[in-house]
Amino acid sequence: MNSVESIRQKIITSLGQALASLQQDGTINVDDLPLAELEVPREKQHGDFATNIAMTMAKKARMNPRQLAQKIVDRFDRTGTWVQDIQIAGPGFINFALDHRWLYPVLVHVQAEDHAYGTSDAGQGKRVQVEFVSANPTGLLHMGNARGAALGDTLANLLRAAGFDVQKEFYINDAGNQIENFAKSLEARYLELLGHDVIFPEEGYHGHDIIETMQGLIARDGDRYVQMETAERRAALVAYGLQEKIGAIRQTLANFGVEYDVWFSEKTLHESGAIQETLETLRTNGYVDENEGAQWFKATAFGEEKDEVLVRSNGIPTYFAADIAYHKNKFDRGFDWVINIWGADHHGHVARMKNAVQAVGYPPEDLDVILMQLVRLFKGGEIVRMSKRTGQYITLEELMEEVGKDAARFFFVMRGADSHLDFDLDLAKSQSAENPVYYVQYAHARICSILRTAQDAGAAVPRVASAPASMPSSCGLTGCGSCDVSGTSLTSLLKAAPAAPDNIDLTVLTHPSELALLRKIADLPDEVARAAMQMEPHRMARYAQDLAALFHAFYTHCRVLNDDPALQQARLLVVDDTRIVLRNVLHWLGLTAPERM
RNA sequence: GCGCCCGUAGCUCAGUGGAUAGAGCACUGGUCUCCGGAACCAGGUGCGCAAGUUCGAUUCUUGCCGGGCGCACCA
């Protein structure tokens, strides 16, 4: 349990005891005692924690809220709570102010946990799957995919940090109508490139990229497919096309910092008979109707307006049928929680999917669908118009070329998923103060610069109690490179430097900007857990900005390298803790933490 | 027509059943003998509208207005 949570629990327990005591001697006459809730007041002057318990209980206790509050406070045992001062305020709030010395142990704790600081066991090892992007393998990744990639990857990182057992998955739509279309489009381009007269399919994919794909094939195999039967030719072209496209998507996502645990092919659901089995399950459970030669999912049984086709009258299952089989497969694999990230244009699908999950025998509330609103690109103050149909759109590759991976990821994850995102290309590209990405990264680089200077002067970050053997030593992310290279990083250089005495005096840290920074650092485990469990990765982006701002303020007000050895030691510790937190957060956000800029 | 999302400062967006609703940008004025000025400090306007639930609503409910998106034997 982290420091904040431990103090919070102690206060809640003490409140509960105070209430129980009042109940016992009949001062308040109620049957059941609610558990007090502690909140962090908006206003700093209202203390570190506050509870509204006196207000919520006032009516049942038939007592004036402020009077009740006073009685609670009188019985409140502050042993072990760090509570220094209690005030009754406003309509009946009880405000608790902590002795700021509670923050000092946190400073040491951060050092001990290092890469693991901020992680927790909030998720209790529950198995979670996050499926995101899942773009059609018929083209390049666009802005919507990019937003999904940043949100999904960050969310998965945060869930992992919060103690969930997380799997990242990409669902490959390599079956169905759009693949037919893809095949026809490839064929048209192929023949066209070889000088044949063809009419490009009406519903085909117009993107220039598939011309390049076919140029690649011609370079490899020449015109040998021209003579083939149409079906055979299309099969050959589409096999090549899919392989090429999926490879490109995978590479682009890797460049964007996204690595999946599983790439799941829709086609395998058709080939393995999983779809048929799922249809059987649905039929057994009584959710299938036959009508006009097609098979329907009885969505109306769940209060929907109309049923949905599962198998067309031509015998081919719909995307919906495959998707049900896919979700059944996910739950069959034993996930406790399944999260999908979809574009908002698929919102009509959400209720159906949840109903279908229930129909195959799983609890629909174990499925969460995060809908993300569309992205609008701005350049020079103008909207950049995009059209998928004509292939006129900016790709993720182009975006990364233009603004870089870090800026792109940060901008996508900076806003809540359900808010429309205006992506200002000029701003993301600008290396200036207006750009929040640079603001945050600058704080990290500035810290590293201070530590370098300290090292050159022969000073070092004080050595603190080393981590117990049971302490996790990595960030909790699989495939994380930065934890492995810590042996050569600045940190270890500093740690290897002549050690300062273990016993440093932290009580010299009293400046308001120091304490505010420490308080923010102490909040990290809670913030991570909250962002993860509420599925709100944008909270982490905000946390990073807030922390950077607090650091910059601290930097201006508190001279780190100074001629008071005790103060310098203590402040070096603050600075290095801030570095650790910034680095960890940037890491979960998928951004680099530059030591120089 | 039905359904989903959104409406908060000039702009882009946070936020919470509570006590004086925040941040960045933009605008104005300040801060540096010194650790990175990509920094800091100060300055002011706002919860689309109207009812309801509540001790208390920007938050929850309903209606309306405005914007976006869905409503195929497409995915």
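Letters A, B, ... are given to chains in the order of the sequence lines, protein chains preceding strands, and every chain is numbered from 1.
Rounding to whole angstrom units, CD of residue A:Q178 and C1' of B:rA75 are separated by 6 Å. Rounded to whole Å, the distance from CG on A:L547 to C1' on B:rC40 is 16 Å. Rounded to an integer number of Å, the gap from NE2 of A:H349 to C1' of B:rC71 is 14 Å.
Under 4.0 angstrom from either OP1 or OP2 of B:rG36 there lies at least one side-chain N or O belonging to A:S449. Dashed line: the shortest gap from a side-chain N or O of A:H538 to OP1 or OP2 of B:rG15 is under 4.0 Å. Here A:Y438 does not reach the OP1 or OP2 of B:rG24: none of its side-chain N or O atoms lies under 4.0 Å away. Contact annotation: A:T56 does not reach the phosphate of B:rC55 (side-chain N/O to OP1 or OP2, under 4.0 Å).
Here A:Y442 does not count as stacked on B:rG36, because the ring centres are not under 5.5 angstrom apart with planes under 30°.
Contact annotation: side chain of A:N95 to base of B:rA19, donor-acceptor pair present below 3.5 Å. Counting distance only, with no hydrogens placed and no angle test, the side-chain atoms of A:R415 and the base atoms of B:rC13 include no donor-acceptor pair under 3.5 Å. For a distance-only test at 3.5 Å, the side chain of A:H347 qualifies as a donor-acceptor partner of the base of B:rG3.
Contact annotation for A:N52: base contact, defined as any heavy-atom pair under 4.0 Å involving a base atom. Residue A:S313 is classed as a base contact, given a heavy-atom separation below 4.0 Å to a base. Here A:R530 lies in heavy-atom contact (under 4.0 Å) with sugar-phosphate atoms only. Here A:A58 lies out of heavy-atom contact (under 4.0 Å) with every strand. Within 4.0 Å of A:G416, counting heavy atoms only, lie sugar-phosphate atoms of the nucleic acid but no base atom. As judged by a 4.0 angstrom heavy-atom cut-off over every strand, A:A445 is placed among the base-contacting residues. Within the 4.0 angstrom heavy-atom criterion, only backbone atoms of the sugar-phosphate kind lie near A:R539; the bases stay farther away. Among the heavy atoms of the strands lying under 4.0 Å from A:Y555 is at least one base atom, whether or not backbone atoms are also near. Using a 4.0 Å heavy-atom criterion, one finds that A:Q441 contacts no nucleic acid atom at all. If you check every strand for non-hydrogen atoms under 4.0 Å, A:M414 touches nothing.
Pairing partner, B:rG3: B:rC69, with both Watson-Crick or wobble hydrogen-bond distances short of 3.5 Å. Under the Watson-Crick and G-U wobble criteria, each requiring two contacts below 3.5 Å, nucleotide B:rA42 is paired to B:rU28. For B:rC64, the paired base is B:rG48 (Watson-Crick or G-U wobble, both distances below 3.5 Å). The pairing partner recorded for B:rA75 is none, the criterion being a Watson-Crick or G-U wobble arrangement whose two distances lie under 3.5 angstrom.
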Applying side-chain hydrogen bond (donor to acceptor under 3.5 Å, both in side chains), run through A:K330 and A:N340 and close with a yes or a no. CA-CA 11 Å; A:K330 292 186 184 190; A:N340 296 340; 2.8 Å; yes
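B:rC34 and B:rG29: their P atoms are spaced 25 Å apart (whole Å). For the C1' atom pair drawn from B:rC41 and B:rC5, the interatomic distance equals 40 Å after rounding to whole Å. Across B:rG48 and B:rC11, the matching P atoms stand 13 Å from one another, rounded to whole Å.
Proximity of A:F297 to A:V288: side-chain heavy atoms (C-beta onward) are nowhere separated by under 4.5 Å.
The existence of a salt bridge linking A:R283 and A:E280 is confirmed by a sub-4.0 Å separation between a basic side-chain nitrogen and an acidic carboxylate oxygen. A salt bridge does not link A:K184 to A:E187: none of the charged nitrogens lies less than 4.0 Å from a carboxylate oxygen.
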